[in-house]
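These notes are about the structure you will find just below.
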There are 2 protein chains.
Amino acid sequence: MAYQEILTVLADPTRRQVFERLRGGPSPVKAIATGLPVSRPAVSQHLKVLKDAGLVEERSEGVRRIYSLRREGLAELRDWLDSFWDDALLAFKIEAERTHRHNTRARDVNE
Amino acid sequence: MAYQEILTVLADPTRRQVFERLRGGPSPVKAIATGLPVSRPAVSQHLKVLKDAGLVEERSEGVRRIYSLRREGLAELRDWLDSFWDDALLAFKIEAERTHRHNTRARDVNE
DNA sequence: ACACTCAGTAAGTTAACGCTTACGGTTAGT
DNA sequence: ACTAACCGTAAGCGTTAACTTACTGAGTGT
């Protein structure tokens, strides 16, 4: 999943609460919803979005769906963040590549 | 600034474009707006939001305002992301602290 | 078979927010 | 002083998206 989607998905406060609630370990929907300021269907909707973004995974145990964190889902966002700190290095690389006429990898400046 | 704000601020696509455009170095507003699919006032509004979030800084050069990246503004988001990868380690620490009755640092589970 | 719990989906409402146009203020050049 | 360029802000509009209620379905126990 692209970092863009991860950002938009995690931007919503209650969806972030849902996400962070899974830090404590896997949990069924009802347990997640308890204590949150929104209804249970709302939590279901958030979980669907989180799942589609690869930030959460789901398994069934009888009648309940157990959701758990997918930390790998955060990887792309993390990489994007990291890329900001070696912009100077990257600029140097590009210059080096230009002069040496030899490509390694490119990065989008605008998405 | 809190990571929550950084997420919501960077969630918008065109605002992210504005932000990423500054990777190439400081730039006046008009130059940023050129090539973007929105009007110049829209860019101004985005820049204000970015500035309030500490992701961008501004200086004046005559009649133009030069905006540049503030990479430190991303720090809190980065820390938050990192915190997901040592949850297990953190759990261990907490247990250790509990038994040894000796605090180091705490982290919020729910915002 | 019936009832109860858990959870996803549909439909509709409301509020937030990103955009545009219009305007005002500041700087620089002639 | 007049004009032009650069930019921020106000007001208003339209769309998106998060929420609620209502419904349906699947699993489990009696």
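Each chain gets a letter, A, B and so on, in the order its sequence line appears, and its residues count up from 1.
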### Within-4.5 Å side-chain heavy-atom neighbours: B/Thr14 and B/Leu36
no
### Message
Can you tell whether the side chains of A/Arg59 and A/Glu57 come within less than 4.0 Å, N to carboxylate O?
### Response
no
#### Entry: Whole-Å gap separating C1' (C/dT9) and CG (A/Leu47)
14 Å
### Task
Please determine, for the side chain of A/Ala42, which listed nucleotide (D/dC19, C/dA7, D/dT9) has the closest atom?
D/dC19
### Query
Hey, which of these two, A/Ser39 or B/Lys48, hits DNA chain D nearer its 5' end, going by closest nucleotide?
B/Lys48
#### Entry: Listed nucleotide nearest any side-chain atom of A/Val29, set C/dG8, D/dT21, D/dT9
C/dG8
### Message
Quick check: do B/Arg16 and A/Tyr3 have side-chain heavy atoms less than 4.5 Å from each other?
### Response
yes
## Note on the structure
note: B/Arg64, atom CZ; C/dG25, atom C1'; distance rounded to Å ~ 17 Å
### Summary
Ranking C/dC19, C/dA7, D/dC6 by distance to the side chain of A/Arg40, first place goes to C/dA7
### Message
Distance check needed: D/dT15 P versus B/Asp12 CG, whole Å only.
### Response
17 Å
### Query
Under 3.5 Å, is there a donor-acceptor pair between the side chain of B/Arg15 and the main chain of B/Leu10?
no
### Message
In this structure, how many angstroms lie between the C1' atom of C/dC6 and the CZ atom of A/Arg59, rounded?
### Response
16 Å
### Task
Give the rounded distance in Å between these two atoms: CD1 of B/Ile66 and C1' of D/dC6.
10 Å
### Message
Starting the side chain at C-beta, find the nucleotide from C/dC19, D/dC6, C/dG8 nearest to B/Lys30.
### Response
D/dC6
### Message
To the closest 0.5 Å, what do you measure between CG (A/Leu47) and CG (A/Leu22)?
### Response
7.0 Å
### Task
Answer yes or no: does a side-chain N or O of A/Thr14 lie under 4.0 Å from OP1 or OP2 of D/dA18?
no
### Task
By nearest nucleotide on DNA chain D, pick out whichever of B/Glu58 and A/Pro37 is the more 5' one.
B/Glu58
### Task
Using whole Å, report how far CD of A/Glu61 lies from C1' of C/dT5.
16 Å
### Task
Measure from CG on A/Leu50 to C1' on D/dA18 and round the result to the nearest Å.
13 Å
### Task
Send over the distance from A/Arg65 CZ to D/dG25 P, rounded to a whole Å.
14 Å
### Task
Go through D/dA18, D/dT20, C/dT27 for me and flag the one nearest to the A/Pro41 side chain.
D/dT20
#### Entry: Presence of donor-acceptor pair under 3.5 Å, side chain of B/Gln45 and base of C/dT20
yes
### Task
Indicate, with a heavy-atom threshold strictly under 4.0 Å, whether B/Arg15 touches base, sugar-phosphate, or nothing.
sugar-phosphate
### Query
Under 4.0 Å: is that the gap between some side-chain N or O of B/Tyr67 and OP1 or OP2 of D/dC6?
no
### Task
For B/Pro28, answer base if it contacts any base atom (sugar-phosphate contacts may also be present), sugar-phosphate if it contacts only those atoms, and nothing otherwise; contact means non-hydrogen atoms under 4.0 Å.
sugar-phosphate
### Message
Taking only side-chain N and O atoms of A/His46, does any of them lie within less than 4.0 angstrom of OP1 or OP2 on D/dC19?
### Response
yes
Side-chain donor-acceptor contacts of residues 62-70 of chain A below 3.5 Å, not counting sequence neighbours, with atom names and distances?
unit_1  : atom_1 : unit_2  : atom_2 : d
A/Arg70 : NE     : A/Glu72 : OE1    : 3.4
A/Arg70 : NH1    : A/Gly54 : O      : 2.5
A/Arg70 : NH2    : A/Glu72 : OE1    : 3.2

